Structure formats: structure tokens, C-alpha cells
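Notes follow once the structure below has been shown.
Here the structure is a predicted model, which means the values were calculated and not measured.
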There are 2 protein chains.
Amino acid sequence: MKKGRVTITDIARELRIAPSTVSRALKDHPALKKETKDAVRALAKKLDYQPNLLALNLLQKKSNTIGVIVPEITSHFFSAIITGIQDVIGSSEYNIMICLSNESYEEEAVIIKKLLKIQVDGVLVSPTSATKNFDHFRTLQKNDIPVVVFDRDCPGLEADKVLVDDYAGAFQAVEYLIKSGCTRIAHLGGPLNLSTTKHRLQGYLDALEEAGIPIRKEYIEHVPGFSHDDGLKPAEKLLKLEDLPDAIFAMNDNIAISAMHIARKMALKIPEDISIVGFDDEPHSSYFRPSLSTVWQPVYSLGMLSARIILHRLNDKGPQKNFRQEVFKPELVLRASSRECASRKNDKVKL
Amino acid sequence: MKKGRVTITDIARELRIAPSTVSRALKDHPALKKETKDAVRALAKKLDYQPNLLALNLLQKKSNTIGVIVPEITSHFFSAIITGIQDVIGSSEYNIMICLSNESYEEEAVIIKKLLKIQVDGVLVSPTSATKNFDHFRTLQKNDIPVVVFDRDCPGLEADKVLVDDYAGAFQAVEYLIKSGCTRIAHLGGPLNLSTTKHRLQGYLDALEEAGIPIRKEYIEHVPGFSHDDGLKPAEKLLKLEDLPDAIFAMNDNIAISAMHIARKMALKIPEDISIVGFDDEPHSSYFRPSLSTVWQPVYSLGMLSARIILHRLNDKGPQKNFRQEVFKPELVLRASSRECASRKNDKVKL
DNA sequence: AAAGACTATGCAAAGGTTTGCATTTTCCTA
DNA sequence: TAGGAAAATGCAAACCTTTGCATAGTCTTT
């Protein structure tokens, strides 16, 4: 009785056959006769043989690991995407390694190096808001590691992409605000080099333009981050304007909630005095008073599809080409923080 | 020029020395003379040599991976813990592999098997609310894989543990409610076999008892899950009692917010008619109106400490004994959903 | 000049599995 | 029963690195 786990050689020795035969028996190789296979399988089961994946990894030069790079996981948005990814990858042969870039380009670059070092087989990535150059992702591709970009686009990078039509979501939201009678619509936007927030801004601008409402620069504020606290000052700035906005379209729910917070402090009535619409539909957004109108994104599906695409790439093994670009449609969720719209008066308002 | 990455043998061949010499040169072995080392290092740098971790893993029979098992990551609670873990492990030689058990004992057991298969070096785990038997964790330990339990205790399991004094947190919260004049204090509790929610219930009970307030069975409801929606029905049940509670201590913020939601629907004034206190201090809790009084937990530190402890175990390599048990103190955070307390009137109420 | 000490480097095994090719065994046919 | 085909199994290399031990080389000392 030796220590350590049972190896293929242990089984071979006990059966007085070669390790290669054991290996083949376990993989049901056609050249082996049934008795041998049966004997091997029986003993393997009896000894509770577990193949040594570490050895396999070396042999196959792959780690069976897929790296997932996200800016953070404390928001519901990314954690729900990861849950979707996990649910798909979990039932495959692969493991996932979640890496947090903390919205820092430098950390992201370090993570890429680490993933190269451990020889991941593929990478799912949502770049940081500071990432303008995508060469580190190209390095992965040059090493035959497929890259799937999700949610946040990397313009110019040729890779599979799973995105959300942020432009359409924003356009719809602002279009609704206009229809509901708002004319002085402000925007709390995010970083300008981030595809998602850039497209949301563009949707806002185009919706105004289409309605013939002139763009007012002072109605657009950019927030320094994505959490509640980051929205407070910019929201205050908007709400202290002489010509008070009658609506705010915020780039995410957290910021929308900051705006609601400030509005209430200033004794503004929501939505009578000011409508507020967010983006993301975080789970608690419907529990605020008034409940927050927002734009829902299919986060879980987005995670699942991204995972499926990379699994497909990993099975295909061909040269990387014919990249897919999938775009999910977001949906406007109307609740109580926006006024009712004449043409929609009969629609039910959720919650 | 051969394809694939540069190996130690490539360097050896080019320098006409043995691979072992190259290996030693790169590790600054004292027996080698300086010129050899310099030559090797120079060439290694020139060729951008990257050690093959897969080979090392096989040789050392370790994967350099630490498994982290959590019930979910969509709550701020666990995602913040994971961020703490990541921040510590990230600067070590180890990688972390996050696994979601979805509050299912079966999935947790499957995860353990998977982690054994890939030969993780250590495991950090917060068990599911359905886990009553800890033998699968003991299996890890028998395979010399250190286990660190965090947040949710596994009674009877000998392992390092990083916990929160939920009892004290709950006791303080309820004690405060009593001091603030509440007498009909209800509790929205969680699963009874989960250490955290069990201790919160016990803290509630003992605080009442110490104040000489009789326990009323109808004032205690157990919710089926941890999210907002799970709290609605139980909260409604409490608020439809003939003898209406004048306070609710909820087992977490989500449930507290459900209770606030129902209370408002019933036109109850918070905190005048009813005080509500949660547990967790989620980031958005202070943005509700009224802002939620709750019990804060040092989630980030909890993650960091858990990670440090397992790193320590992994470096120590000795037999597993002298298990540590660290208990963090939570803190009552008073906001506007609870009445002011006579003896505390001068304390500032946060936010 | 030979023995001994020391320095620098190489050899080979180990870690577990897979797989192309070689070899053995079996069985059938002439 | 030899010959050959077919079936079953074994050999050894490969994946890459580390490390105990052996060896080659150099220098010192008597």
C-alpha cells in the first residue's frame, strides 16, 4: 500500500499489463479486447482512480481554464453576468478564473500576463473604462488564445463580441421622457471612452435631436465613477442650474438613485417636478420610492452566450476568423420615477 | 527557429550546456559561476523565456490554485468578501477559482469533487444554507488540503474560521430598539440551520429576554431566501397581525427593505409607527427613504483575513492543527428607519 | 607528483499520461 | 504446420522542470 493517489501505473502493475494499455482501456480504445477493458475498469473503480489532470495539462499544453476579466464584481451587473458564465462553463470540462481589474488599465495588463503565464485556453473580457489600447488582448490572440469581449466593446479589435444595444436603450428612454412631456432633459453620463456610456450619451443626444430639442451643454454632466457616491455632486450641479431640468437620464441606476436623493433633499417632487430614469435595472431599483424607471439588460443571458461562444471556439480549434458579434436588445422598464406618457396611458406601469 | 514557447532546453542547447545548469542559473544556485549565470540570464531575457507552470505543477503536485466556494455572488456581501480575498491572493503566487454553490448542498458537493480533481492547494468556503453535513470538507482535509471557513460556521468541523459575531450584532440592534421605546419587536429570520441567521435570532431572543419582554411566537417569521422578494409575504404576515409590531428586526437588508415596502403600502409611518432595522449595510441601504438602520459587517476585511490565513497554512506545510478562529465585531449603524433613543439622543445619526 | 579538496557542471530520474510505432500473440487458411 | 493477416498489447518518447548524485576539472598542499 503506497501513499498518494492511485495512478495508471499502479493499476498496470497490479494487472501485470502496460500503463499504455490501462490508458487505452479507460478511453475505450477499439483495439483492446473486452476482458482487458473490463478488468482495468473494475480495478480503477475499486481503487477509486482519478486521472491526474496536472499531467494531462502538461501533455496537452493547456490548462483547461478560461480567464474572465471584469472591472469589478460588487455591482449586480457584473456578478449576474459571471453567474451566467459560470452556469454554462460549470458543466463543461473547463474551469473559470475570475480576475478583477478594478477599472485600472495597468491591473488589466498585469492580469493578461498572469493568464498567459498559467496558459489559459481562452479569455472572456470586459475591459476597464481606462482601456484605450487593446494590444494586450491581441497578444492573447497571437498566442492562439481566443478572446471574447462582452458588454464593453473594444473598437478595432477583431474578436467575438457579445454586446448590448446601449444606444437603443438610451434612445428609447429619452424618447419616452420627451413623449411624457419633458423638455429640459439632462444626462448624467459616464466615461467618454467607454463604449457603453458613450453609446448611451449618443442615444440621448439623438433622441433629443430627433424631437427637435436643442442640446444644452450645461445639461450634460459626467460622473467620475459608477457608484452612488460618484453621482451626488454632478447631480447637485444639474439641480442647481437656473433653468432646472425636468428630467434626468442617468447612465446607471446607482447614479439615478444619487440624483433622486439630491432631488428629494431639494424638495423636488418625483416625477411631478422631475423625472428620473436609470440604466441596468438593479434588483433593488424597484424598491425605491418612487420606484425607479430604468433600462433592463439581459445580463444573465449575456453571460451565458459569451460562455457558449468561447466554448465553441475552443472546440473548433480552427484559425480565428468569422468573428461573431451578438447584440442584445435592452428594454425600457417604466416605474414611478417617470411621468406617464399620454400615448401610453393605458400601459401598465410595472410595480 | 522552432514554434511554441521557449523552454529551458532551448536555452541549454544554444549555450551548449545542460538544462539543469540553466535551471540552476535562473534560480541563482550558489554552485554556478557568475559567467554561466550571466550568459543564461542574458539569453533567457533575449528569448523572453517564460517558465512553464504546467510542468511545475506536475512536478510539485500542486496547482497553485485556491478554491473559493460561495453560495452566490450577486449580493454585495459575498462579492465584497471575494474582492477582499482577491486583493490578498492576487499578489501571491496563487490563483483563485471562484465556485458558486447556489445555496445547494448537492452543487457544493460536486464542486468539492471538482476541486479535488484539479488538485487545488487550499479551499475557502462559506457553506450553503442547506449544508448540514461537513464530511465533504473533511475529505479535503484528509487530502491535505487546508480549509478555511468564512462567515457561515460549520459547527463541529475543525478548521480555521473567520466569522462575524452575528449574535452581538443582533443583540445590539434589538437592544437599541428596546431602548428607543419599542416593545412589540418582531423578527424576520432566515434558515435555522445556518449559523449566521441562527445567531441573529438568538441575539434577538436574548435581548428581549434581558429586557424582560416576553417572546411572542407570532412575532417571528422565517423567510425562504435572502432576496427582496422572499421577504414580502412574511413581512405582510407580521404587519397584518392584530397586535401590530412596533419594530421589525430583519435578518438582512434585503428583507428589511421588503418590510419597509409593505409597511409603506399599509400607510405605516417609519419609524413613527414602526422601526425597521436590517443587517449587512449594503451600499444602497443608506439611499432608501427613510435610510435604513442596519448592522454593518467588515466584509472586505473578512475576505482579506480569510485569504491571509490560508496563505499562511499553505506556507507552513505542517500538520493541520491549532486552528484559528477569528471573530469580527459588527457595528450598529443608526439611520432614519429607527426611532431615536432617549439615551442616545446626542449621537449623530449617520446620513 | 600525487593525493585531496573544492568548484562547476552534467546525468538521469521523477512527476502521470498519451500515442505512434513496434512487437507479440492469436487465429485462420492454404 | 508454416505463413500471414489480424488482433492485442507493449515500448518509449514527449510534455518541461527540478534535484540528488556523479563526474570532470581545477587548484592546493604535502
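- Residue pairs that meet the salt bridge (Lys or Arg N to Asp or Glu O under 4.0 Å) test with at least one member in residues 121-139 of chain A, sequence neighbours left out, are A:Asp135-A:Arg138.
- A cation-pi contact links B:Arg152 to B:Phe226, judged by a cut-off of 6.0 Å to the six-membered ring centre and 45° from its axis.
- Remark: side-chain polar atoms of B:Asp160 are not paired, donor with acceptor, to backbone N or O of B:Val148 under 3.5 angstrom.
- A 4.0 Å heavy-atom criterion places the boundary nucleotides of DNA chain C facing chain B at C:dA8 to C:dG16, written 5' to 3'.
- Heavy atoms of other residues, nucleotides or ligands lying less than 6.0 angstrom from CD of A:Glu35 number 12 at most.
- Counting non-hydrogen atoms of other residues, nucleotides and ligands closer than 6.0 Å to CD of A:Gln50 gives a total above 12.
- At a cut-off of 3.5 Å, with distance as the only test, no side-chain donor of B:Tyr49 or B:Asp10 sits close to an acceptor on the other residue.
- Contact between the side-chain N/O atoms of A:Lys34 and the OP1/OP2 oxygens of D:dA8 is not found at any separation under 4.0 Å.
- A donor-acceptor contact shorter than 3.5 Å is absent between the side chain of A:Gln119 and the backbone of B:Asn52.
- Rounded to an integer number of Å, the gap from A:Leu58 CG to D:dC16 P is 7 Å.
- The distance from atom NE2 of B:His29 to atom C1' of D:dT18 is 10 Å, rounded to the nearest whole Å.
- As a whole-Å value, the separation of A:Lys33 NZ from D:dA6 P is 19 Å.
- Applying the 4.0 Å criterion to OP1 and OP2 of D:dC16, one finds that B:Tyr49 has every side-chain N and O outside that range.
- The backbone N or O of B:Lys161 lies less than 3.5 Å from no partner atom in the side chain of B:Gln325, so there is not a single donor-acceptor pair.
- Heavy atoms of A:Ile8 sit under 4.0 angstrom from primed sugar atoms or phosphate atoms, though from no base atom.
- Fit an axis to the five pairs at each end of the helix from C:dA1-D:dT30 to C:dA30-D:dT1 and the two axes sit 80° apart, to the nearest 10 degrees.
- Rounded to an integer number of Å, the gap from B:Asp28 CG to D:dT18 C1' is 16 Å.
- Atom-to-atom, CZ of A:Arg13 to C1' of D:dG10 comes out at 16 Å; the value is rounded to the nearest Å.
- At a threshold of 4.0 angstrom between heavy atoms, the contacts of A:Ser20 include nucleobase atoms, whether or not backbone atoms are also involved.
- One interatomic measurement links the two molecules: NZ of B:Lys61 to C1' of D:dT17, which rounds to 15 Å at whole-angstrom precision.
- Each of B:Ala18 and A:Gln50 was assigned the nucleotide of DNA chain C with the nearest heavy atom; the assignment lying further toward the 5' end belongs to B:Ala18.
- What separates CG of B:Leu53 from C1' of D:dC15 is a distance of 14 Å, to the nearest Å.
- In this entry the distance linking CG of B:Asp10 with C1' of D:dT17 reads 13 Å, nearest Å.
- Within 4.0 Å of A:Leu56, counting heavy atoms only, lie sugar-phosphate atoms of the nucleic acid but no base atom.
- Counting heavy atoms from C-beta outward, B:Leu311 and B:Ile66 have side chains that approach closer than 4.5 Å.
- A:Thr65 contributes no side-chain N or O that, together with a main-chain N or O of A:Ile96, makes up a donor-acceptor pair within less than 3.5 Å.
- Across all strands shown, B:Ile17 has heavy atoms under 4.0 Å from sugar-phosphate atoms exclusively, and none from any base.
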